[in-house]
Amino acid sequence: MKKKIVIDGGKKLSGTIAINGAKNSVVALIPAAIMANSPVTLEGVPDISDVESLTKIIELMGAKVERQGDTMMIDPTGVKSVPMPYGIINSFRASYYFMGALVAKFGESVVGLPGGCNLGPRPIDLHVKGFEALGAQVDNNFGAMYLKTGEQGLQGTHIFMDNVSVGATINVMLAAVRAKGRTVIENAAREPEIIDVATLLNNMGAKIRGAGTDEIRITGVDELHGTRHSVIPDRIEAGTYLAMAAALGEGEGITVENVLYEHLESYIAKLQEMGVEMTIREDSITVHPVKDLKMTKIVTYPYPGFATDLQQPITPLLLMANGVGELRDTIYEKRVNHVPELARMGGNISVEGNRVIIQGPSKLQGASVKASDLRAGAALVTAGLIAEGTTTVYDVEHVLRGYDKIIEKLTSLGANIRLEDCEEGEYIG
Ligand code: EPZ
């Protein structure tokens, strides 16, 4: 049954919410965990549909999974190398981490080509280049990737990433930890989630140095054992709520707990440039009510630059600011499907070439809108909270992939928001 989110907007919010573990970390940690020869416990696992899909996949492979609150116990001892169930695996992009994890563990893997958000082309050529450099043979047969190594297995090597890729960096790291000898990954991505995966792997017995820098050095090991690991907070979820807080906070303002300031420096600097005042503590941030927002210019870059995943969630806040602003996503130029939906809500926003032009302040009116992808959906929820009147967001399955308990969290801040089933025939796909 398709779901929708219904919001009666225009209400000010206040209170405290806690951020969960990082989706873009946990979608790699779970495939990494099955590389161990004994149980792995992950703490701080968010309750999101991508985690449900990953749990189903590793159980199909023979792993035993137990969930207690946000703790996930994975016993990988029964895991056998089987072709991935195409249906599930095609539901989101990060399923491609099974390529690296399984070819490292079994010397072979069969993985359905990734699905995930429609942000424009999502190639995996850098992943394939890395696996081939490590000595794997990679074939793309009718939408499934077949990886196979010769009897000599994976061999350490020197890989230069043609462009900075989070997924390719993590995937090649997963394969390289079991390759014979030394691997160097140059021009590696530096996202905090990469450090989180490297920390888990090192605690499982891997030998990885330099994660978080643009050069990662790995010495292969023969086996990986179980461990316990705590997932880093989700910096994108945190940034999304900081934008909502700046847009709608009143009174005491809104405090976001379990957030690491150092993972959001470029984003927080932008909010401060816009006139947002915050109290920043060791692991929480309080956003104080904002009097008048100043417009700004945003360009996204790989970490530690302004994150592409936060350009959509901050856009409704830009619509409230005074002046003409612009936003350019250098990573996904086509990540603009939220723009026409925001325009339908009365936003003075348009796409001109590879830039989004924003004229503020725009008075937003409630409307029926569609979420085209995860962060676009988050932007439409934020716009619905701001807009006068009722907003209905369709295709919210995208939002539920990455925002744990978003309805409960916003309700606790005073929002009038609910998740409902679509009526028969109500949804026009
Ligand atoms: C990760 O995707 C995140 N997903 C994305 O978050 C995020 O937007 C992206 O990194 C950039 O930060 C997960 O971590 C699960 P990339 P990923 O490889 O790894 C090109 C969200 O909203 N490229 O860093 O797929 C690619 O087209 C999601 O949570 C190649 O050309 O992104 C893009 O232009 C959306 N060849 C650029 O590199 C490749 O083989 C960066 O992509 C791989 C990527």
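All ligand and atom numbering here is 1-based and tracks the order in the structure. Remember, predicted model here, so these are calculated numbers, not experimental data.
- Of all the heavy atoms of Tyr96, the ones lying under 4.0 Å from any atom of ligand 1 belong exclusively to the side chain.
- Below 3.5 Å of separation, one finds no N or O of Thr308 facing any N or O of ligand 1.
- Heavy atoms of Glu237 found under 4.0 angstrom from ligand 1: none, in either backbone or side chain.
- For a threshold of 3.5 Å applied to N or O pairs, the pair formed by Tyr97 and ligand 1 contains no separation below that value.
- Heavy-atom proximity to atom 16 (P) of ligand 1, evaluated over Ile170, Asn163, Val166, Ile236, is greatest for Val166.
- Which parts of ligand 1 touch Asp309 is read off a 4.0 Å heavy-atom cut-off, strictly below it: atoms 5 (C), 6 (O), 7 (C), 8 (O), 21 (C), 22 (O), 28 (C), 29 (O), 35 (C).
- The nearest non-hydrogen atom to atom 13 (C) of ligand 1, considering only Asn24, Asp234, Asn171, comes from Asn24.
- Under a 4.0 Å N-O distance rule, the pair Lys56/Glu59 does not qualify as a salt bridge.
- Remark: Lys2 does not engage Asp421 in a salt bridge, criterion side-chain N to carboxylate O under 4.0 Å.
- When only interatomic distances are considered, the shortest N/O to N/O separation between Leu126 and ligand 1 falls below 3.5 Å.
- Residue-to-ligand polar distances place Ile331 within reach of ligand 1: an N/O pair is separated by less than 3.5 Å.
- In Tyr303, neither the side chain nor the backbone holds a heavy atom less than 4.0 Å from any atom of ligand 1.
- Every atom of ligand 1 is numbered from 1 in the order shown, and the set under 4.0 Å from a heavy atom of Lys23 is 21 (C), 29 (O).
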